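Here the structure is a predicted model, which is why all the values come from computation and not from measurement.
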There are 2 protein chains.
Amino acid sequence: MTDAATSSTKAPSRIQQRNRILILDAALEVFSRHGYRGATLDQIAKQAGLSKPNILYYFGGKEDIHVTLLNQLMKAWLDPLKEMNPNGDPIKELLGYVHRKLDMALELPRESRLFANEILQGAPRMGPHLSADLKPLFDEQSRVISNWMDAGKIARCDPGHLLFSIWATTQHYADFAAQTEVLLPEDERRQDGASAYLDQLFTKLLTP
Amino acid sequence: MTDAATSSTKAPSRIQQRNRILILDAALEVFSRHGYRGATLDQIAKQAGLSKPNILYYFGGKEDIHVTLLNQLMKAWLDPLKEMNPNGDPIKELLGYVHRKLDMALELPRESRLFANEILQGAPRMGPHLSADLKPLFDEQSRVISNWMDAGKIARCDPGHLLFSIWATTQHYADFAAQTEVLLPEDERRQDGASAYLDQLFTKLLTP
DNA sequence: TCGTGTCTTTACCAAATGGTAAAAAAGTGA
DNA sequence: TCACTTTTTTACCATTTGGTAAAGACACGA
């Protein structure tokens with residue numbers, strides 16, 4: 001057999017599991033910093049502590065690794081949005097989403113940067129995913145928000161742009177960390193600062 | 001003389017001016033899409049309609065082109081922030097800044113993406129600039145905003161995070177355009193949508 | 001302990017990449 | 001027109017990059 005990556009046949013061995021995780025973790029680090037074209041297999045190999053040919057034993061190639069990461073990412077990206085409950089308290093639901101997103105950005109900055117890099121480059125490998133997976137969910141949740149507004153439970157605003165602004169403000173703390181770290185003195189950089197501010201921002205917007 | 005880029009001696013010829021602009025414009029296109037490492041001189045040369053050695057006649061190298069772009073960018077980036085007038089009407093001044101930033105993002109998306117790429121990668125070439133140029137201005141304007149709050153002219157909130165959220169929401173429309181273009185149907189993608197929404201968002205936040 | 005399949009390394013490639021040398025071409029002023 | 005400078009092209013080069021072939025090393029059940 002030439003490729004351990006083909007999950008077609010049988011269960012992966014202990015070593016396979018460990019090394020695939022090692023590789024994906026290293027690749028996440030490198031891709032999220034340099035983008036697809038800027039990343040090299042040698043960097044990934046070094047970061048993973050494996051040789052380059054060994055990496056190509058587990059994955060079909062550079063693109064294969066990148067695609068695998070992007071697929072994993074898409075799931076983690078959509079889940080918090082799905083958790084919004086149409087029957088819950090609207091403001092609580094939306095603020096809950098804001099905080100979930102912020103926590104994700106702060107805890108998984110590499111994933112956030114990987115996503116940002118892909119979109120920055122025009123989403124060459126994730127365009128289809130966006131249309132097929134994100135778009136329907138986006139439309140659905142936009143309608144949920146719209147209904148809340150129709151019911152007078154939250155102030156009226158554009159639901160789409162509302163979601164954009166939630167994404168923008170939360171992911172900013174991961175994607176632009178290099179900037180915020182320069183601008184905010186270390187003692188002001190605690191999570192609660194951002195958390196409290198975003199709470200205030202969106203509470204004021206949504207309160208009727 | 002070996003390098004037309006050395007502005008040391010005398011005024012640049014018509015051809016020099018034209019070609020340097022051609023190259024920088026092409027480089028902006030390529031760097032903003034692929035980041036520093038992902039961009040190649042061949043791409044830039046092709047985009048500029050010049051040969052690679054010809055490009056290296058005008059610039060010392062890949063890094064030189066990139067640094068030149070980054071320096072130009074920093075100026076354009078700081079100017080809108082400088083325009084905030086401490087003696088003007090606070091809400092008007094801040095909303096004005098929001099709109100200036102949004103206009104910039106929509107009119108100069110490549111510049112915005114170049115900046116985003118650089119920060120995403122950890123600001124390896126712009127860190128010093130951030131500390132030396134952006135930080136003082138950031139601190140100064142934070143203080144101006146703080147004073148407005150002390151005077152009771154706008155609602156109290158964290159000035160630093162306020163600026164972050166302005167940057168995040170406005171630049172989102174440039175940096176994540178590939179995403180918004182998928183999510184928003186063409187007829188809803190007009191600038192006024194974003195403009196009106198951001199106006200509402202920050203007006204509500206700042207109104208005491 | 002042996003054999004069979006799994007994993008890793010060594011030694012390579014062809015193409016791409018940033019960059020250079022030097023000659024040819026094109027301007028330019030007298 | 002001629003000398004002189006500026007600009008562009010052609011022909012390279014060393015290194016890096018994604019990827020492969022094949023031989024070794026290793027694990028593990030019989």
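Here the side chain of A:R100 pairs a donor or acceptor atom with the backbone of A:P80 at under 3.5 angstrom. The closest donor-acceptor contact from the side chain of B:E118 to the backbone of B:R125 lies under 3.5 Å.
Each end of the helix from C:dT1-D:dA30 to C:dA30-D:dT1 gets its own axis from five base pairs, and the two axes differ in direction by 10°, given to 10 degrees.
Between A:S51 and C:dT8, a side-chain N or O to OP1/OP2 separation shorter than 4.0 Å is absent. OP1 or OP2 of C:dT6 has not a single side-chain nitrogen or oxygen of A:N19 nearer than 4.0 Å. Residue A:Q16 places at least one side-chain N or O under 4.0 Å from the OP1 or OP2 atom of C:dC7. The shortest distance between the side-chain N/O atoms of A:Y57 and the OP1/OP2 oxygens of C:dT8 is not below 4.0 Å.
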Can you give me the N/O atom pairs linking the protein to nucleotides 18-23 of chain D at distances under 3.5 Å, or say none if there are none?
residue	atom	partner	partner atom	Å
D:dG18	OP1	A:A39	O	3.1
D:dG18	OP1	A:K62	NZ	3.0
D:dG18	OP2	A:L41	N	2.7
D:dG18	N7	A:K52	NZ	2.8
D:dG19	OP2	A:K62	N	2.8

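Between B:L205 atom CG and A:K204 atom NZ the span is 6.0 Å, to the nearest 0.5 Å.
Going from atom CD1 of B:I55 over to atom C1' of D:dT7 covers 14 Å, rounded to whole Å. At whole-Å resolution of the value, CG in A:L50 and C1' in C:dT6 are 15 Å apart. In this structure, the CD atom of B:Q43 is 15 Å from the P atom of C:dG19, given to the nearest Å. For B:N54 and C:dA25, the CG to P distance is 15 Å, given to the nearest whole Å.
Screening residues 27-50 of chain A for ring-ring contact (aromatic ring centres under 6.0 Å, His included), with sequence neighbours left out, gives A:F31-A:Y36, A:F31-A:H66, A:Y36-A:H66.
Considering B:L69, B:I65, B:L73 as possible partners of B:L28, the one that fulfils the side-chain contact (heavy atoms from CB on, under 4.5 Å) test is B:L69.
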So B:R143 and B:D139, salt bridge (Lys or Arg N to Asp or Glu O under 4.0 Å) or not? Walk me through it. CA-CA 6 Å; B:R143 235 175 297 118; B:D139 289 340; 5.6 Å; no
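Closest to the side chain of A:Y58, out of C:dT9, D:dT7, C:dC7, is C:dC7.
Qualifying side chain to side chain contact (heavy atoms under 4.5 Å, CB included) partners for A:V98, counting only residues two or more places apart in sequence or in other chains: A:I166, A:T170, A:L198, A:F202. In this structure, the side-chain hydrogen bond (donor to acceptor under 3.5 Å, both in side chains) partners of A:D133, at least two apart in sequence or on a different chain, are A:H129.
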N/O donor-acceptor pairs under 3.5 Å from side chains in residues 44-55 of chain A, not counting sequence neighbours:
residue	atom	partner	partner atom	Å
A:S51	OG	A:N54	N	3.3

